[in-house]
Amino acid sequence: MSKIPLQFRHNGRDVAIFVDGGTNLLVALRELIGDMTPKFGCGQGGCGTCSVLIDGELHLSCLTLAETVAGRSIETLDGMKQGPNLHPLQRAFADHFAAQCGYCTPGMLMAAKALLDRNPSPSRDEVIEAISGNICRCTGYEPIINAILAAASGRVSA
Amino acid sequence: MTRHRGRGMASINYPIGMNLGGDPSQALVHSNPSGKFTVALSSIDLGQGMKSVTRQICAETLGVPVEDVYVDTADSDTGPHCMGSFASRGTHRVGNAVMAAAREARGVMMEAAAEELEVNAADLETDGRGNIHVKGAPHRSISTKDVAIAAQFKQGKTISGRGIFLVPLSNVDPETGEMSPATCYAHACLVAEVEVDDETGDVAMVRMDSAYELGRALNPRLVEQQLVGGAWMGVSHALYETPEPYYPDPVHGPRDFVEYLMPGPGDICPHDIAVLERPAPDGPFGAKGPGEMCANPVLPAVANAIFNAVGVRIDDLPITPEKVLRAIKAQGGARPQARR
Amino acid sequence: MLELRKDIFADERDDNLKEIGKGTQRQDMLGHVTGTSNYFNDHKLQGMLHLKVVRSTQAHARIRRIDTTEAERSAGVRRIIRGTDVPVNLNTLLSLINFGKDDEPSLAVDKVRYKGEPILAIVADSEREAFEAIAKVKVDYEPLPAVFDVEDALKPGAPVVNETYPKNAFIYHDVYDHQRLRFGDADAALASADHVLEQRYQMSPIEHAPTETNGAIAAPDTNGRYVVYTSTQALFFSVDTCAKILDVPSNTFHFIGGTVGGGFGGKVDTLTEPLAILGAMLTGRPVRYVFGREEEMQYGPPRGAERIYIKDGVMRDGRIVARKIRAYFDSGAYTRLSSYAAVKCAAHLPGPYTIPNVYGDVYCVFTNRTPATAMRGFGVTAMDFAIECQMDKLANLVGMDPMEFRILNAYRDGDMKAHRREAKNTALIECVQVAAEKAKWPIRDEFRRASSRKDGGGSRAAIPPTPTESRARPAAPAQQRTSYDRAPVTATREPPREPPPPPTTPPPPPPRPSAPSHGATRFSSVFGTRRR
């Protein structure tokens, strides 16, 4: 099978890989780049655990052909920390105990970041809409919604 | 079209641990030379908080700060046997095993401290902040770190402990079903308020109020996680979920999250919870286990609330709009019951 | 919003603890929010192969022939594994505690018993190549009649789902096709009750739907052992199951569980580990076997369906005097854990209430459906749904407030439970009182003053005379469903269907040691049929 060369920015760093035709971005990130933060939940676009930002916009990496991100900028949870410090959203998720098994958390955090990056003070309904593509089986969503609202209003621990 | 509100309730109990017992778990606790402790388990954390709750149990039993304890799980080479994370057995069974192991380790730690302070171990107590001192004489004190160093390099003692917890297996009488299924039970009562649309059969959750009795809330935040998430799952079971929509006909099974319905973040409702603590005599610090029973009262409470709202009984789960609508039609329209 | 009601049962607790009772942050939270928590699938191994299985397209069929000629030549295929390659191709999960007979192959050989049953495993260089090879496998089936309904499955002449249990029911104590519970004389009490209400309840199957699907990665280790990264909820359960199926000592394996991405009971069955390890043994390479979402949804074991019939006798004053229950657990094609749940369910009867006459028959039934397994609330969730809907109807029937009705019938310290053990450490009444208070649901003073610690025991501690089976057990009566909420209350009084049995004085139950017995030697007497 012929390999396709592919270059893009991954969390602020230029990367280059060879992918098989048809490889999706989730597989490219996990197996070729080694970034394990996006998770496989369904491979069908139904659960949101593989959510990443492409040029700042929320995308499902499992439904994104790797070839299509050439030259673009990918953000994952692996790049969310600000240096050694947690991003306010990460602190808010911790403060609110907004994770149990933690498997949906990377996708939830990326969905939340996509929201706050374009709308720094969302309403509860806007938060709900922003995470509606992300399935959580543990928390009942309430702590996640509260965490995102708290991060937006700056109510997070140091 | 009219939306009808109704309230329903249900109360339940739930057995803790594998039915009939016979399900042991083990734990190992040991200190490093800096007086920091590791708990080794083969038990699994699948989100319920196994690592966190056993960490607190270990710290409390040793008498050291929780930061001085780290729990390592899920390794068959380093962790001793555990039956597994199911049957509401984690807190009760594994918690007890950790407690036993920590007690043994504490015994060695106190002996080592006694040797350093030249007193009787029985006269010592821990302050929970990393120090051991003579009862009534806090100035005659030694840090757990210094005790660990002395034990390791001077006294040649291992500050470690082994623990196992086993509820012995019960017999079952084939004729009467006489048996000892569990040593303790958690309890709950939940009130659900719903709004039923008599034109579409759609049921929306309005709010829930509940009381859960758990023996002891070892960590109220973890308890809250289980109860909030578990009640959500209860709503989901009551109103949404099935892989076989026309059971027992096995057709039309779901293949993804588009076909398998669960309430999303927009479908949830406020839930006010009270936690009661009646310690179980054999629970670690009295704890039972909140993880499974939290969903159970929700299903019937929702069904009973739907009856209160529109006067129909749906005895087949899940209570889909189709079933509600057919039942309303069959009785010639919604019949709201006395408002509660 | 969570409120701790420290005022209740305060005298039974020491609240002066340092770490217990604190809302300490989870040890794993930092890993979760930074995405560094390790799940089984986050291990990337050099030269890893991928395993996928060929699944039955039939619910029930004899396998005439499996043709893998084309699949073997398919690109990237390293190994095709058949049932005959599995060292011990028959197992039942609870054989580890000597409960039940081996009844389930890892890979079906001569017959498939549910749609989706694994027949072959294909190990290939990539998942895609494994899927391409799967499409080239030809299985020639001879379809057999299938049965999907639990009560149909128990009828004479029903298709035999699982030859290990030819009557389509798990066998308890070597004699019965159900687990029994007998306490008092339910039939006599029903005959003299003011109202009798009989209802049917059905719980659907439920998918666990963890966000992380089931899976395992197995790899040859440097010392002749195999390291296995797994999503299991029960590490040693899985180790021992694999040791049995692969016929090697358990210390051949080093199992490493991850943080598990949700389980809810759906990651106990050890479905992926044995084949992943066998793949690694046969190829000498790391092998990954992870369920896709469709596989998880369709063929991952669900919470089984349950059908429950309840017949209650209640007096005008609200006291429940008899509860008779017949319940069917739909185990699917194999036992897995449903046999255990049926016993747990029998022990749970009649719910958290003190009812002087209780009669229960709980069946674990085989159908041509995906095998069911444990799920959150196993053995109890559906029964609680049935009992609590029934309680609401009974309260309605006698014109009582449902909260007060629960308190009136609630079990209290010192009461005798139907499984013949004294109730202790009860707290149902307090939960009802607090929930009523929180919901601003008014209940009368006498019910607000009730306590789990008062008014139990005494006559409520007695084990009532219980008729022997020959008299009390009719041959699986076809119970009628009665309507009630839609009819006036008076119409629900049923005449006794048969004359009340003549008063007999059954012998008192033989004395039994109340202390549970010890040790594994007793296993065989406890459970239905010992593994042979």
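Throughout, a chain's letter reflects where its sequence line sits, starting with A, and its residues are numbered from 1. Both backbone and side-chain heavy atoms feed into the values below; hydrogens, waters and symmetry mates do not.
Of all the listed residues (B:V298, B:T242, B:T78), the one sharing the greatest number of non-hydrogen pairs under 4.5 Å with chain C is B:T242. Interface summary for chain B: among C:L235, C:I308, C:N251, C:L349, the most heavy-atom pairs under 4.5 angstrom belong to C:L235. In terms of non-hydrogen atom pairs under 4.5 Å with chain C, the most contact-rich of B:P181, B:G49, B:G84 is B:P181. Among C:L428, C:V434, C:L4, C:D152, the residue making the largest number of heavy-atom pairs under 4.5 Å with chain B is C:L428. When each of C:F237, C:Y353, C:F253, C:W441 is scored by its heavy-atom pairs under 4.5 Å with chain B, the top score falls to C:W441. Residue with the most contacts toward chain C among B:A280, B:A295, B:C184, B:G286: B:A280 (heavy-atom pairs, distance under 4.5 Å). The residue among C:E3, C:K18, C:H348, C:R13 with the most heavy atom pairs within less than 4.5 Å of chain B is C:R13. Interface check for chain C: of the options B:P318, B:A274, B:P281, B:G47, the most heavy-atom pairs under 4.5 Å are formed by B:A274. Between chain B and the residues C:V380, C:V239, C:D401, the largest count of heavy-atom pairs under 4.5 Å involves C:V380. The candidate from B:M208, B:E193, B:M233 with the greatest count of non-hydrogen atom pairs under 4.5 Å with chain C is B:M233. When each of B:C189, B:G177, B:S76, B:A211 is checked for heavy-atom pairs under 4.5 Å with chain C, B:S76 comes out on top. By number of non-hydrogen pairs under 4.5 angstrom with chain B, the leading residue of C:K440, C:K6, C:Q390, C:Q27 is C:Q27.
Of the two parts of B:V71, the backbone and the side chain both hold a non-hydrogen atom closer than 4.5 Å to a non-hydrogen atom of chain C. If you measure heavy-atom distances from C:H32 to chain B, you find no contacts under 4.5 Å at all. When heavy atoms are compared at a cutoff of 4.5 Å, C:M383 does not approach chain B at all. Residue contact with chain B, scored on non-hydrogen atoms closer than 4.5 Å, is absent for C:F183. For a residue to count as touching a neighbouring chain, one of its non-hydrogen atoms must lie under 4.5 Å from one of that chain's; by this rule B:L222 touches chain C with the side chain only. Of the atoms belonging to B:D127, it is backbone heavy atoms, and not side-chain ones, that fall under 4.5 Å from chain C. For a residue to count as touching a neighbouring chain, one of its non-hydrogen atoms must lie under 4.5 Å from one of that chain's; by this rule C:V432 touches chain B with backbone and side chain alike. Both the backbone and the side chain of B:I57 come within contact range of chain C, with heavy atoms under 4.5 Å apart. For C:Q25, the part lying under 4.5 angstrom from a heavy atom of chain B is the backbone only. At a 4.5 Å heavy-atom cutoff, the contact between C:M203 and chain B is made by backbone and side-chain atoms alike. Heavy-atom distances place the side chain of C:R369, and not its backbone, under 4.5 Å from chain B. With a 4.5 Å cut-off on non-hydrogen atoms, B:F257 touches chain C through its backbone and its side chain both. The part of B:P15 that comes within reach of chain C is its side chain, from C-beta onward, which places non-hydrogen atoms under 4.5 angstrom from that chain. The part of B:Q48 that comes within reach of chain C is its backbone (N, CA, C, O), which places non-hydrogen atoms under 4.5 angstrom from that chain. Using a 4.5 Å cut-off between heavy atoms, B:M293 makes no contact with chain C at all. The contact between C:A427 and chain B is made by backbone and side chain atoms together, counting heavy-atom distances below 4.5 Å. Contacts between C:K417 and chain B at a heavy-atom distance below 4.5 Å involve the side chain alone, from C-beta outward. B:M18 touches chain C through backbone and side chain together, each having a heavy atom under 4.5 Å away. Using a 4.5 Å cut-off between heavy atoms, C:T426 contacts chain B through both its backbone and its side chain. Heavy-atom distances place the side chain of B:V191, and not its backbone, under 4.5 Å from chain C. Both the backbone and the side chain of B:R278 come within contact range of chain C, with heavy atoms under 4.5 Å apart. Both the backbone and the side chain of B:A10 have a heavy atom closer than 4.5 Å to some heavy atom of chain C. Using a 4.5 Å cut-off between heavy atoms, B:H271 contacts chain C through its backbone alone, with no side-chain atom that close.
The shortest distance between side-chain heavy atoms of C:E388 and B:S11 falls below 4.5 Å. Side-chain contact between B:L276 and B:L214: absent, with no pair of heavy atoms (C-beta onward) separated by less than 4.5 Å.
Under the 3.5 Å distance criterion, with hydrogens and angles disregarded, no donor-acceptor pair is assigned to the side chains of B:S52 and B:R221. A donor atom on one side chain and an acceptor atom on the other are not found under 3.5 Å apart for B:D45 and C:T259. No side-chain N or O of C:T24 forms a donor-acceptor pair with one of B:N219 less than 3.5 Å apart. Under the 3.5 Å distance criterion, with hydrogens and angles disregarded, no donor-acceptor pair is assigned to the side chains of C:Q233 and B:S85. Donor-acceptor pairing under 3.5 Å is lacking for the side chains of B:Q56 and C:K22. In summary, the side chains of B:R89 and B:S25 do present a donor paired with an acceptor at a separation below 3.5 Å, with no hydrogens or angles considered. Side chains of B:K288 and B:S88: no donor on one and acceptor on the other come within 3.5 Å.
Heavy atoms of other residues, nucleotides or ligands lying less than 6.0 angstrom from CZ of B:R207 number more than 12. Summarising the local packing, NZ of C:K438 is surrounded by more than 12 heavy atoms from other residues, nucleotides or ligands at distances under 6.0 Å. Counting heavy atoms of neighbouring residues, nucleotides and ligands inside a 6.0 Å radius, atom CZ of C:R225 exceeds 12 of them.
Between C:R303 and C:E207, none of the side-chain N atoms (NZ, or NE/NH1/NH2) sits under 4.0 Å from a carboxylate O, so this pair counts as no salt bridge. Look at C:D149 and C:R307 and you find a salt bridge, because one of the NZ, NE, NH1 or NH2 atoms lies within 4.0 Å of a carboxylate O, short of that distance. Here C:E430 does not pair with C:R5 in a salt bridge; the nearest charged N to carboxylate O distance is not below 4.0 Å. Ion pair C:K267/C:E212 flagged as a salt bridge, since at least one NZ, NE, NH1 or NH2 atom sits closer than 4.0 Å to an Asp/Glu carboxylate oxygen. Residues B:E178 and C:R421 are paired through a salt bridge, judged by an N-O separation under 4.0 Å between the basic side chain and the carboxylate. Ion pairing of B:D173 with C:R420 is absent here, as no side-chain N (NZ or NE/NH1/NH2) approaches a carboxylate O to less than 4.0 Å.
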Problem - Candidate pair B:Y212 and B:C294, rule side-chain contact (heavy atoms from CB on, under 4.5 Å), full reasoning - result: CA-CA 8 Å; B:Y212 287 89; B:C294 46; 4.0 Å; yes

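Under the 30°/60° scheme for interplanar angles, the aromatic rings of B:Y185 and C:Y411 are found to stand perpendicular.
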